[in-house]
Amino acid sequence: MKRTILITIIILIFLSIPSSGYSASYDFEKGVVYLLLEDYQQSKVHLGEYFKDYPNPIVRRGFMLLADKDKKKAKKEFQSYLNMNFRSLHAIVGISLSLSDLKESTSKENLMKAVRFNKGFSSSYACLGIEYLKEKNYPMAEKYLLSARRISNLMEYRILLGELFLRIGQPGKTVSLIENDVVNHPDNFFLNHLMARSLFKLNRLGAMGKYILISKELNRTNKDVQLLYANYLLKKGEPKVARDVLKSLRYKETNPEYIKTYGKALLTLGNKRSKTYLYQYFTIDNWDKDINRLLGLYYFRNKTEKSNIQNWIYRSILSGNSVESLKKDFSPEYHFPVLASLRFFDLKNVFWIDNNRLFVVGVMYSGGAEKLFLIDFSKKKIVASYSYDGIIDGVYFSSNRDRIILETENPSSKRTKLYAMIKNPNGSFQFRGIYTGRNDIPAFDVVFNSSGTEAYFVDKKIEKIAFDSPFSIVNRFGEKRPVYTGLSNFGLYKYNFVNRRFTFLEDIEEINKINSDSIKKFLMVYNAAAITKEVGKLITKGEKLDSFSSEIIRIVFSKNLGSFMIYLADLKNAFQAVIFDDETGRIIKIDSTMFLDADRFAELDIIDFDSDKANLLLSTKDKRRELIMFNYKSKLYRKLVENYYSSCFGSNNKNFYVLTERNKRYFLTETLLKIISIKPFWIEELPSRRDLKSVVNCSDIFTLRMSTNGGESLEMGPDNKFIYTSPSFDGSIFGFSSDLKNVAIFVNMRLFLIENNSAWARKTHLKK
């Protein structure tokens, strides 16, 4: 009897197991992949099938909310289930997907936990691969996607891998990976679209045609397919058909690839309207490989419109076009320099040590650690590299650049670490960590003593919170503490390069000797608040405000740090200020009615504060955008220009250079340059160029440098005429040597090392 009962129980257990257990597991995996591919309808179908066999109402509801693009509610569902069962792999994957778009996402940490719980759960590996793909860490993305495919030979995992190979510029690997799948699953949209894109990258247009047509048939409303089809038609030499396809597309938001493709189609047809589209894309990405070449071709083919074609060729080379291909597009009379370069996956900053050596902060390859690289310019090669924990947050040099402090931050722990570098007699550098004795040191600005033997570390919070309301520090318990109770609120330290000691600074006399602008500013306000009632009241008022208040109180300092201005602005009063002179201890009260009409309200920007001449330069933020010069002692003011765009003061403080906006053309601002002299007062307009974009340097009239909307760098000579010098480096990471003869510029994964005087030496076709 007992044996019969036992057999009956075993039979019932087997009968209770879903007959489609194997396929049900596949359904969950497929459902997750289609969520990653943003095919929410297919995802719902597969996830629905899975939860039929393995009912779990809460987790199912969370995934359905993900498929409905409601990640906020989905997160709540998954969190509620994890509170009951923290080891649920399905819920961990679900909550990771719901958090993946957040700035401070914990998706990777959750997915790593799922991997530790079960090394055979393929969905956690697939999601991890996509998380690394978003970060452009391609080796790690490949590792986890390959792991997912190894655990479960799912066709959809090969789609994700194919996307990765296409992203890293290996379309041939994508074709080899999915060529059998696309035959076995001819009705799968993603396979056909992926194959079409890969063959397009390989320029195999004959083979591509079949797959792009199938993709169009499988998903008639997909705009990415239509855009790829238009590019396919352009390469096949059918620009009219491509233009008609593009005309039918409508995007709710700006689509840069569509803009560039449409501009290219119109250019091929000889339509002048192409200029509008090409310039629109140029404003989005001015170092795109195609756009610089296309704009150069537009002017090269258009004999009625003038532009600096040579500059477009230079920019095309910098952005990644080969010299050989450009020689085919343009006539041989132009200059096609071959530029030396080093390849980096990413680059963060450039620091010159002297005229022949420089440091760069960067990553050599995808997934690699950030390092500091020492480059010999004359040899055009890396001569040393230095590793550290985290990523560099600051690099600080002594006056003769023989001692360096590096400040790094670990992104996961948010901890700051410090490193010291000392130049050896042979030009190499010693590199060592600084033992701080504690793990919670703040982020610093660093200044050196005159001999460079000691470095002083000044808490960055001074600049961040001491000069803009609310003037308070919030501790880890959420309690506010006023800033202006003394420098003890901040971390101030000293490092001695000889004995390697890192010490906390408490002696106010030693602190006062530190040549730090932040400390000077703080102490000036701190002392003024103690002795001047008006300043003290505004500081106290500022401490009671919060970051969401309609009132703000700000402190602005004069160029020579001899005075400061503390002003209040709210919804009724644009500007009520107290100016404090540190030398005399006197104050002057001013407000916006002294230079604006009494009934006019306009927010203001402080452009310049010159306490020696008692001058304020302000611009209004209303439609008129007036630039106003106001003398706060005489109470006289001048409205200098309207439609203010940007400005730059000359080193002699007598002249400044102002760009005003004329109108918008081709998504670019057309400007007018004015030179303004303060004493004697005069304004001179220079209408010869309307395409000036910004003032790069204005140390004096002979070295005024401007950049243009066409990506040029110009220099103005004594006759007020502009001379072309080189491409503009706006939008790139670059640095000039101290003698301005050499430049390092990072564009599209290449660091160019250019002898600036010779690279652009050919003057053919350089004038506008």
Side-chain angles (χ1 to χ4, degrees), residues 275 279-280 282-284 286 295 306-308 311 315 556 559 595-596 602-610 615-630 637-679 681-732 734 767-768:
K275 181 179 178 181
Y279 268 110
Q280 185 180 0
F282 185 74
T283 61
I284 297 169
N286 68 338
L295 277 164
K306 292 182 180 180
S307 181
N308 190 339
N311 183 63
R315 293 184 63 87
V556 180
K559 288 184 285 192
F595 47 82
L596 292 178
E603 290 184 70
L604 298 167
D605 273 336
I606 314 297
I607 307 298
D608 189 71
F609 177 17
D610 186 346
N615 278 336
L616 280 176
L617 189 66
L618 311 106
S619 70
T620 64
K621 296 170 74 173
D622 55 2
K623 288 182 179 180
R624 285 152 72 174
R625 282 181 288 142
E626 289 180 319
L627 187 66
I628 300 168
M629 178 69 74
F630 174 62
Y637 67 90
R638 287 181 185 272
K639 293 184 179 180
L640 302 175
V641 298
E642 287 194 5
N643 297 316
Y644 169 74
Y645 189 72
S646 67
S647 61
C648 180
F649 265 93
S651 57
N652 55 15
N653 286 332
K654 292 180 180 178
N655 301 330
F656 65 100
Y657 309 90
V658 179
L659 285 174
T660 59
E661 182 179 315
R662 295 170 64 94
N663 54 50
K664 292 269 189 180
R665 293 188 64 194
Y666 310 120
F667 305 92
L668 301 168
T669 301
E670 190 177 271
T671 58
L672 178 67
L673 176 65
K674 297 183 179 183
I675 303 175
I676 301 177
S677 171
I678 306 302
K679 196 172 183 180
F681 181 80
W682 52 262
I683 298 179
E684 181 182 2
E685 290 187 0
L686 301 177
S688 60
R689 296 290 295 249
R690 297 185 178 184
D691 60 341
L692 299 175
K693 179 183 177 185
S694 62
V695 183
V696 178
N697 180 292
C698 65
S699 56
D700 58 66
I701 190 66
F702 298 107
T703 57
L704 176 65
R705 290 191 176 91
M706 312 287 295
S707 66
T708 72
N709 291 328
E712 302 166 282
S713 180
L714 309 177
E715 185 175 304
M716 192 167 74
D719 56 354
N720 288 359
K721 289 185 179 179
F722 289 104
I723 303 165
Y724 173 80
T725 57
S726 73
S728 161
F729 300 145
D730 292 349
S732 68
F734 67 95
K767 293 184 180 179
K768 178 89 174 173

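For reference, positions follow the sequence shown, starting with 1.
- The CZ atom of Phe630 sits 12.5 Å away from the NZ atom of Lys639 when rounded to the nearest 0.5 Å.
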Run the side-chain donor-acceptor check on residues 641-649: report pairs under 3.5 Å with partners two or more places apart or on a different chain.
{"unit_1": "Tyr644", "atom_1": "OH", "unit_2": "Ser647", "atom_2": "N", "d": "3.4"}
{"unit_1": "Tyr644", "atom_1": "OH", "unit_2": "Ser647", "atom_2": "OG", "d": "2.8"}

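- For the pair Ile723 and Met716, the minimum side-chain heavy-atom distance is 4.5 Å or more.
- Under the 4.5 Å side-chain criterion, counting only non-hydrogen atoms from C-beta, Asp605 is in contact with Lys621.
- If you take CD1 on Ile628 and CG on Leu604, they are separated by 7.0 Å, rounding to the nearest 0.5 Å.
- We find the CZ-CG distance between Phe609 and Leu617 to be 12.5 Å, quoted to the nearest 0.5 Å.
- With sequence neighbours excluded, no residue satisfies salt bridge (Lys or Arg N to Asp or Glu O under 4.0 Å) with Glu684.
- Side chain of Asn709 to backbone of Thr669: a donor-acceptor contact under 3.5 angstrom is found.
- The two residues Asp622 and Ala602 have their closest heavy-atom pair at OD2-CB, 3.6 Å.
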| task | Could you please spell out the steps behind the side-chain contact (heavy atoms from CB on, under 4.5 Å) verdict for Met629 and Phe656? | result | CA-CA 12 Å; Met629 178 69 74; Phe656 65 100; 4.1 Å; yes
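- Asp608 places none of its side-chain heavy atoms less than 4.5 Å from the side chain of Leu616.
- Note that CG of Asn308 and CG of Leu295 are 12.5 Å apart. Values are rounded to the nearest 0.5 Å.
- Rounding to the nearest 0.5 angstrom, the gap separating the OG1 atom in Thr660 from the CD atom in Glu670 is 10.5 Å.
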For Glu712 and Asn311: C-alpha separation, side-chain torsions, deciding distance, then whether side-chain hydrogen bond (donor to acceptor under 3.5 Å, both in side chains) applies.
CA-CA 7 Å; Glu712 302 166 282; Asn311 183 63; 5.2 Å; no
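- Leu686 and Leu672 make their closest contact through O-CD1, 4.0 Å (heavy atoms, listed as atom of the first residue, atom of the second, distance).
- Here the shortest heavy-atom pairing between Thr283 and Gln280 reads OG1-O, 2.6 Å.
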Steps toward side-chain hydrogen bond (donor to acceptor under 3.5 Å, both in side chains) verdict (Ser707, Ser694)
CA-CA 5 Å; Ser707 66; Ser694 62; 2.8 Å; yes
* Show the numbers, then the answer: is there a side-chain contact (heavy atoms from CB on, under 4.5 Å) between Asn697 and Leu704? => CA-CA 5 Å; Asn697 180 292; Leu704 176 65; over 6 Å; no
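- Minimum interatomic distance between Ser728 and Arg315 (heavy atoms only, all atoms of both residues): O-NH1, 3.1 Å.
- Remark: Leu659 CG to Leu627 CG distance equals 11.5 Å, nearest 0.5 Å.
- In terms of the salt bridge (Lys or Arg N to Asp or Glu O under 4.0 Å) criterion, residue partners of Arg624 (sequence neighbours excluded) are, by chain and number, Glu626.
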Exercise for the section: Determine, step by step, whether Thr620 and Leu596 satisfy the side-chain contact (heavy atoms from CB on, under 4.5 Å) criterion, reporting the C-alpha distance in whole Å, the side-chain angles of both residues, the deciding distance to 0.1 Å, and the verdict. Expected result: CA-CA 10 Å; Thr620 64; Leu596 292 178; 4.1 Å; yes
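- Under the 3.5 Å distance criterion, the side-chain polar atoms of Thr671 are matched with a main-chain donor or acceptor of Leu692.
- Annotation for Arg625: atom CZ counts as buried by contact number, over 12 foreign heavy atoms lying within 6.0 Å.
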Practice problem: Apply side-chain contact (heavy atoms from CB on, under 4.5 Å) to Leu640 and Ile676, showing your working. | Solution: CA-CA 9 Å; Leu640 302 175; Ile676 301 177; 4.2 Å; yes
